[in-house]
**Q** 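Below you will find the structure I want to go over with you.
Treat the numbers as computed from the prediction; the structure is a model and nothing was measured.
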Amino acid sequence: MKQSWRPGTMIYPLPAILVSCGANEQEYNVMTASWVGTICSDPAMCYVSIRPERHSYDIIKRTGEFVLNLTNEAMAFATDWCGVRSGKDYNKFAEMRLTPQRGEKVAAPIVVEAPLSIECRVKQILPLGSHDMFIAEVLNVQADEQFIDPETGAFKLDEAKLITYSHGHYYKLGDEIGRFGWSVRKKK
């Protein structure tokens, strides 16, 4: 039997992302977000939804660029801290000992400690209510070499130990249970 609940955001878990922004070192900022996702594969596009009152909102709106940095277990404390502190009051990179490095295709910084950094350019901003959605084209992806399989070139998700967010809690990603198409693959 199921219960009916009021409408809400129940699509969980979501990635725990550090969104970095800024056109130069003096304004670099990083914030935590989970309202992120893929929109299109060709061209590669994604989105992040941000409340207009967040410090990063105006920076991203003005520069038209941001980086989505996937986080892992080693970054869990910094990920949470960057979500509850404002860049108006703190230099979050310095406080959390995170290393900003200018992106290869955007002026916004990547977070060097992140296993994967996705450089994005804003194509459209959709006001939606509590959040505005920044729809962006992916210009470049930087992956930490320690998580790249030297034989296949694939990103080793299991070794990256990425974290997710669900209803106020952070979780580790679990073990692989199958691969795309495994349910219909012919048995040998």
**Q** CD of Glu27 to CG of Asn29: how many Å apart, nearest 0.5 Å?
**A** 9.0 Å
**Q** Taking all non-hydrogen atoms of both residues, which atom of Tyr28 and which atom of Gly22 are closest, and how far apart?
**A** CE2-O, 3.7 Å
**Q** Taking atom CZ of Arg97 as the centre, report whether more than 12 heavy atoms of other residues, nucleotides or ligands fall under 6.0 Å from it.
**A** no
**Q** So, the side chain of Glu113 versus the backbone of Thr99: is there a donor-acceptor pair under 3.5 Å, distance only?
**A** yes
**Q** Would you compute the distance between atom OH of Tyr47 and atom CG of Asp132 and round it to the nearest 0.5 angstrom?
**A** 14.0 Å
**Q** Grouping I, L, V, M, F, W and Y whenever their side-chain heavy atoms are under 4.5 Å apart, do Tyr90 and Phe93 come out in a common cluster?
**A** yes
**Q** So which of Val106, Leu18, Val30 actually passes side-chain contact (heavy atoms from CB on, under 4.5 Å) with Val67?
**A** Val106
**Q** Between side-chain atoms of residues 164-181 and protein atoms elsewhere (two or more places apart, or another chain), which donor-acceptor pairs fall under 3.5 Å?
**A**
residue, atom, partner, partner atom, Å
Thr164, OG1, Tyr171, O, 3.4
Tyr165, OH, Gly168, N, 3.1
Tyr170, OH, Asp80, OD1, 3.1

**Q** Are Ile163 and Val19 connected into the same hydrophobic cluster when the rule is that any two of I, L, V, M, F, W, Y join if their side-chain heavy atoms are below 4.5 Å apart?
**A** no
**Q** Nearest 0.5 Å please: distance from the CE atom of Met75 over to the NZ atom of Lys161.
**A** 15.0 Å
**Q** Are more than 12 heavy atoms from other residues, nucleotides or ligands located less than 6.0 Å from atom CD of Glu53?
**A** yes
**Q** Please give me the minimum heavy-atom distance between Glu137 and Pro43, naming the atom from each residue.
**A** OE2-CB, 4.1 Å
**Q** If the condition is salt bridge (charged side-chain N to carboxylate O under 4.0 Å, His left out), which residues does Glu119 pass it with, not counting sequence neighbours?
**A** none
**Q** How close do Ser20 and Ala108 get, heavy atom to heavy atom, and via which atoms?
**A** O-CB, 4.0 Å
**Q** Please find the pair of heavy atoms, one from Gly83 and one from Arg54, that lie closest to each other, and give the distance.
**A** O-NH2, 4.0 Å
**Q** Could you check if a side-chain atom of Glu95 sits within less than 4.5 angstrom of a side-chain atom of Arg85, using non-hydrogen atoms only?
**A** no
**Q** Determine whether Leu70 and Pro15 make a side-chain contact, defined as any pair of heavy atoms from C-beta on separated by less than 4.5 Å.
**A** no
**Q** Between Cys120 and Ala136, what is the shortest heavy-atom contact and its length?
**A** CB-CB, 3.7 Å
**Q** Within the side chain of Asn69, is there an N or O that forms a donor-acceptor pair under 3.5 Å with the backbone of Val111?
**A** yes
**Q** So, taking the atom named CD1 in Ile59 and the one named CE in Met31, what distance separates them when rounded to the nearest 0.5 Å?
**A** 10.5 Å
**Q** Between atom CG of Leu128 and atom OG of Ser49, what is the distance when rounded to the nearest 0.5 Å?
**A** 6.0 Å
**Q** Closest approach of Val122 and Ile125, non-hydrogen atoms and distance?
**A** CG1-CG1, 3.9 Å
**Q** Counting only N and O atoms by type, is there a donor-acceptor contact under 3.5 Å from the side chain of Asp58 to the main-chain atoms of Lys61?
**A** no
**Q** Tell me whether Ile50 shares a hydrophobic cluster with Ile135, the cluster being built from Ile, Leu, Val, Met, Phe, Trp, Tyr side chains joined at under 4.5 Å.
**A** no
**Q** If you define the side chain from C-beta out and look only at heavy atoms, does anything of Arg51 sit under 4.5 Å from Ser130?
**A** yes
**Q** Below 4.5 Å, heavy atoms only, C-beta onward: do Leu14 and Val36 meet side chain to side chain?
**A** no
**Q** Hey, is the main chain of Cys82 close enough, under 3.5 Å, to the side chain of Lys92 for a donor-acceptor pair?
**A** yes
**Q** Membership question, hydrophobic clusters at under 4.5 Å side-chain separation (ILVMFWY): are Leu68 and Leu126 in the same one?
**A** no
**Q** Is the number of heavy atoms from other residues, nucleotides or ligands within 6.0 Å of CD (Gln124) greater than 12?
**A** yes
**Q** Measure up the Trp35 and Tyr12 rings against each other and bin them: parallel (under 30°), tilted (30 to 60°), perpendicular (over 60°).
**A** tilted
**Q** Mind checking whether Ile17 and Trp81 sit in one hydrophobic cluster, side chains of I, L, V, M, F, W, Y counted as touching below 4.5 Å?
**A** no
**Q** Output the distance between atom CD1 (Ile110) and atom CG (Leu98), rounded to the nearest 0.5 Å.
**A** 11.5 Å
